[in-house]
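Comments concern the structure below.
Computed from a predicted structure; not experimentally measured.
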Amino acid sequence: AKYRNRSHKFLWAYSTRWGCQLLSLSRAQLPIILARMDAETWLDQLLARLDETGPVGQSAREYLRQRKINVSLHAQPTGARWTARGHIELHPSYAEPRDDAYALSLVVHEVRHLQQGWFTALSVQGELEGWHVQFAFLKSLTGRYHSDPKLDHIVAELMSLPLSDRAAL
């Protein structure tokens, strides 16, 4: 009886990768939470696809599992980033099935940075290696480095840079 007067509130339980959360929501908050749940479902499906993409994707997925790395969506000026806490954040604009291959390549890129450690990941050589892994992976999935032919040419030139030649960096 005491809950009848609270018709504007909902108790909502939903599952996350690490457990269950119980929320008290107003009607205005409900669409936001549902959108977040859809994004989490999409992320789970996206990460599961890594297992189907060959050795590089499988290795990245295994690294994520072993280290219990959280992959989430977060608005930012880049497509993806790794955090100081060892997590990966994708830009929400990639939370659409239209370009899953590119979103997967971003995850692979950021996993490489986490594997490198801070010193290398923050260096020019570390970024170049991340790009090499990302774009080689993307090409293995799509047959090209980028969907835009102009950018595909630029990325091909970037891929020709050797990782071990300091002068090239």
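When the side chains of ILVMFWY residues are joined at heavy-atom separations under 4.5 Å, either directly or via intervening members, V155 and L161 end up in a single hydrophobic cluster. Follow the hydrophobic side-chain contacts under 4.5 Å out from F137 and you never reach I154; the two are in separate clusters. Follow the hydrophobic side-chain contacts under 4.5 Å out from V133 and you reach L163 in the same cluster. L151 and L104 fall into different hydrophobic clusters, where Ile, Leu, Val, Met, Phe, Trp and Tyr residues are linked whenever their side-chain heavy atoms come under 4.5 Å apart, directly or through other members. Put simply, L138 and L158 are part of the same group of oily side chains (I, L, V, M, F, W, Y) that touch within less than 4.5 Å, one to the next.
The two residues S123 and G126 make their nearest non-hydrogen contact at OG-N, 2.9 Å. The two residues P92 and L73 make their nearest non-hydrogen contact at CA-CD2, 4.2 Å. Counting all heavy atoms, side chain and backbone alike, A103 lies closest to L90 at O-CD2, 4.3 Å. Here the shortest heavy-atom pairing between A80 and L106 reads CB-CB, 4.0 Å.
Taking the side chain as every heavy atom from C-beta outward, R61 and L47 approach each other to under 4.5 Å.
Here the side chain of H87 pairs no donor or acceptor atom with the backbone of V71 at under 3.5 angstrom. Between the side chain of Q76 and the backbone N or O of E89, at least one donor-acceptor pair lies under 3.5 Å. Of the possible polar contacts, none joining the T120 side chain to the G117 backbone as a donor-acceptor pair under 3.5 Å is found.
One side chain, R112 or Q115, offers a donor N or O that lies under 3.5 Å from an acceptor on the other. Using a 3.5 Å distance cut-off with no hydrogens or angles, the side chains of S72 and H74 do not pair a donor with an acceptor. Between H109 and E127, the side chains place a donor N or O and an acceptor N or O closer than 3.5 Å (distance only, hydrogens not considered).
Residues R81 and E110 are not paired through a salt bridge, judged by the lack of any N-O separation under 4.0 Å between the basic side chain and the carboxylate. Checked for salt-bridge contact, D152 and K139 miss the test: no charged N lies under 4.0 Å from a carboxylate O.
The NE2 atom of H153 lies 12.5 Å from the OH atom of Y145; values are rounded to the nearest 0.5 Å. Interatomic distance, E129 CD to Q134 CD, rounded to the nearest 0.5 Å: 12.5 Å. Atom CZ of F135 sits about 13.0 Å away from atom CZ of R144, to the nearest 0.5 Å.
Between H113 and W82, the angle of the ring planes lies from 30° to 60°, which puts this pair in the tilted group.
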Checklist entry - side-chain contact (heavy atoms from CB on, under 4.5 Å) between V108 and L50: does it pass, once the steps are laid out? => result CA-CA 9 Å; V108 167; L50 280 171; 4.0 Å; yes

Item to check | Intermediate values then yes/no, side-chain contact (heavy atoms from CB on, under 4.5 Å), Q45 and R49 | outcome: CA-CA 6 Å; Q45 292 170 353; R49 284 201 47 223; 5.9 Å; no

Next on the checklist: Using the rule given for side-chain contact (heavy atoms from CB on, under 4.5 Å), can you reason through I88 versus I69, listing the C-alpha separation, both sets of side-chain angles and the distance that settles it, and then say yes or no?
Outcome noted: CA-CA 7 Å; I88 296 174; I69 294 170; 4.3 Å; yes

Item to check | Stepwise side-chain contact (heavy atoms from CB on, under 4.5 Å) test for R65 and E62 | outcome: CA-CA 5 Å; R65 280 187 195 121; E62 189 57 31; 3.5 Å; yes

